[in-house]
Enquirer: 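Here's a structure for you.
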Amino acid sequence: MNLYPLKFDPILKERLWGGTKLKTVLNKPIKSDITGESWELSTVKGDISVVANGSLRGRSLQDLIEENAVALLGQGVVDRFGKEFPILIKFIDAKQDLSIQLHPNDALAKKRHNSFGKTEMWYVMDANPGARLIVGFNRDVEKEEYKKSVEQDTLLDLLNYEIVSEGDTFFINTGKIHAIGAGVLLAEIQQTSDITYRVFDFNRRDKNGKLRELHTEQALDAIDYRKKDDFRVHYTKTGNEVNEMVDCPYFKTDYLALSKTIRQDLKNRDSFTIFMCVDGGAVIENDWGSITIKKGETTLIAADSTFLSIQTEGVKLLQVTI
């Protein structure tokens, strides 16, 4: 099978807090004014990505993995994850604040949900003036103090707020309480998991007038109550080079700001490669073909590729591998 650079149809999600930036900034074909997420690469049950380009158009990502796991994912990835795609890639538009939430670690997620945990990272693509994120606590907190703040509706007083702008990047490990604030558009890279413990939702009601479910008790044993300043990612932005951003057990992400063509030798890369285009545009080529990618688009390069070429006069990319 010719595993040329693959592009997938976006899986668009309406959310109570969503807006229109996925269309106005990223040119997604949204159909409502409350579209909050575009899932770019997913094998989450019920939301499996479908190829949008070339001779494999219409085939699901899961089907391609079943038929060509090693060629597509890499032997090392298959050894760790079998035929499960280990990454979920999204663009997120928060017109309103998201709920305050956290994600369990692998052990707890396996025990309770037979799922992976959810370690993730955010790259801010656009932010209104003063827009902010919630990341962690503003001081060490005891569990009983946290419980009391939830009961008394004072949780917001314990949280850490970060003003953000384009290019700011955050690593959200499991157990860290967090929320995307109103006015932020970002790229999200995460483990394949949809397990979220929502602990506060600003007392909002859905379209049916109901409060959304909270996971107060489940969250108690999943939260890291310590104040940690380990979330903001500091990275270089050297032009026409690969700049490391995050290297964790679940994914490795690099930043590329290119103004000319570069070529990468992939013979020793035992992993698929994902490119998220966060600005500009480029033509990406491997052994079997090429694809044009522009801001707001994502492409998957098979592990079996021996090289890739990125041809551009100006592009900013997030490069994701395992």
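Because only heavy atoms are used, hydrogens play no part in the values below, and waters and symmetry mates are left out as well, while side chains stay in.
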Enquirer: What are the two closest heavy atoms between M245 and V233, and how far apart are they?
Expert: O-CG1, 3.2 Å
Enquirer: Under 6.0 Å from the NZ atom of K95, do we count more than 12 heavy atoms belonging to anything else shown?
Expert: no
Enquirer: When you measure from the side chain of D157 to the backbone of S149, do you find a donor-acceptor pair of N or O atoms at a distance under 3.5 Å?
Expert: no
Enquirer: I301 and side chain to side chain contact (heavy atoms under 4.5 Å, CB included): which partner among I291, D287, T273?
Expert: T273
Enquirer: Taking atom types as modelled, is there a side-chain donor on K21 or N128 under 3.5 Å from an acceptor on the other?
Expert: yes
Enquirer: Is the side chain of K28 donor-acceptor paired with the backbone N or O of G296 at a distance under 3.5 Å, no angle test?
Expert: yes
Enquirer: Any donor-acceptor pair under 3.5 Å linking the side-chain atoms of K110 with those of N114?
Expert: yes
Enquirer: Count the heavy atoms belonging to other residues, nucleotides or ligands that lie under 6.0 Å from CZ of R212, then report whether that count exceeds 12.
Expert: yes
Enquirer: Would you please say whether a donor-acceptor pair under 3.5 Å links the side chains of S99 and Q101?
Expert: yes
Enquirer: Quick check: closest heavy atoms across I189 and V320, and the distance to 0.1 Å?
Expert: CD1-CG2, 3.5 Å
Enquirer: If you take all heavy atoms of R57 and Y4, which pair is closest and at what distance?
Expert: N-OH, 4.1 Å
Enquirer: Atom CG of L3 and atom CZ of F272: how far apart are they, to the nearest 0.5 Å?
Expert: 13.5 Å
Enquirer: With distance as the sole test, does S42 use its side chain to make a donor-acceptor pair with the main-chain N or O of D47 at under 3.5 Å?
Expert: yes
Enquirer: Evaluate whether atom CD of E66 has more than 12 neighbouring non-hydrogen atoms of other residues, nucleotides or ligands under 6.0 angstrom away.
Expert: yes
Enquirer: Which pair of non-hydrogen atoms, one from K295 and one from D279, has the smallest distance, and what is that distance?
Expert: CD-OD1, 3.8 Å
Enquirer: Enter the distance from T192:OG1 to I89:CD1 here, rounded to the nearest 0.5 Å.
Expert: 8.5 Å
Enquirer: Is any side-chain heavy atom of Q319 closer than 4.5 Å to one of L317?
Expert: no
Enquirer: Could you tell me if the side chain of L61 sits less than 4.5 Å from the side chain of L300, heavy atoms only?
Expert: yes
Enquirer: Would a 4.5 Å heavy-atom cut-off, applied to side chains only, mark H103 and Q190 as touching?
Expert: no
Enquirer: Within the distance-only criterion (no hydrogens, no angle test), does the side chain of T312 pair as donor or acceptor with the backbone N or O of G281 below 3.5 angstrom?
Expert: yes
Enquirer: Can you pull out every ring-ring contact (aromatic ring centres under 6.0 Å, His included) where at least one residue sits in residues 210-230? Sequence neighbours excluded, please.
Expert: Y146-Y225
Enquirer: Looking at R15 and D93, is any side-chain nitrogen of the basic one under 4.0 Å from a carboxylate oxygen of the acidic one?
Expert: no
Enquirer: Measure the spacing between CZ of F85 and CD1 of I48 and express it to the nearest 0.5 Å.
Expert: 12.5 Å
Enquirer: Atom CZ of residue position R226 - does it have more than 12 heavy atoms of other residues, nucleotides or ligands inside 6.0 Å?
Expert: no
Enquirer: Taking 4.0 angstrom as the limit, do K227 and D229 come out as a salt bridge?
Expert: yes
Enquirer: Look only at the side chain of D254 and the backbone of V242, and say whether a donor-acceptor pair between them is shorter than 3.5 Å.
Expert: no
Enquirer: Do V135 and I172 come within less than 4.5 Å of each other through their side chains, counting heavy atoms only?
Expert: yes
Enquirer: Run the side-chain hydrogen bond (donor to acceptor under 3.5 Å, both in side chains) test against T253 and tell me which residues pass, sequence neighbours left out.
Expert: none
Enquirer: Can you give me the closest heavy-atom contact between I293 and C277, atom names plus distance?
Expert: CG1-CB, 3.8 Å
Enquirer: Is it the case that more than 12 heavy atoms not belonging to K148 sit under 6.0 Å from its NZ atom?
Expert: no
Enquirer: Side-chain contact, heavy-atom cut-off 4.5 Å: I262 with L256?
Expert: yes
Enquirer: More than 12 foreign heavy atoms under 6.0 Å from NZ of K237: is that the case here?
Expert: yes
Enquirer: Taking only residues two or more places apart in sequence or in another chain, which ones pass side-chain hydrogen bond (donor to acceptor under 3.5 Å, both in side chains) with Y250?
Expert: D106
Enquirer: Do E120 and H178 get their side chains close enough for a donor-acceptor pair, meaning under 3.5 Å?
Expert: yes
Enquirer: Under 4.5 Å between any side-chain heavy atoms of M125 and L186, yes or no?
Expert: no
Enquirer: Okay, side chain of R112, backbone of Q218: is any donor-acceptor separation there less than 3.5 Å?
Expert: yes
Enquirer: For a quick test of reading the model, state the closest non-hydrogen atom pair linking M121 to V246 and the distance between them.
Expert: SD-CG2, 3.9 Å
Enquirer: Do F137 and I223 come close enough that some side-chain heavy atom pair is under 4.5 Å?
Expert: yes
Enquirer: For N268, look at atom CG and say whether over 12 heavy atoms of other residues, nucleotides or ligands are found less than 6.0 Å away.
Expert: no
Enquirer: Is the shortest side-chain N to carboxylate O distance from E37 to K13 below 4.0 Å?
Expert: no
Enquirer: Check whether S193 reaches the backbone of F116 with its side chain - one donor and one acceptor, N or O, closer than 3.5 Å.
Expert: yes
Enquirer: So do the side chains of F91 and T298 get within less than 4.5 Å of each other, counting heavy atoms only?
Expert: yes
Enquirer: Compute whether any side-chain donor of one residue and acceptor of the other, for S259 and N240, lie under 3.5 angstrom apart.
Expert: yes
Enquirer: Can you tell me if Q62 uses its side chain to pair, donor with acceptor, with the backbone of K45 under 3.5 Å?
Expert: no
Enquirer: Testing N53, V283, T299 one by one against T292 for a side chain to side chain contact (heavy atoms under 4.5 Å, CB included), which residue passes?
Expert: V283
Enquirer: To the nearest 0.5 Å, how far apart are OG1 in T306 and CZ in R269?
Expert: 12.0 Å
Enquirer: Keeping D270 on the side-chain end and Q75 on the backbone end, is there a donor-acceptor pair under 3.5 Å?
Expert: yes
Enquirer: Does the T24 side chain pair with the main chain of L22, one donor and one acceptor, at a distance under 3.5 Å?
Expert: no
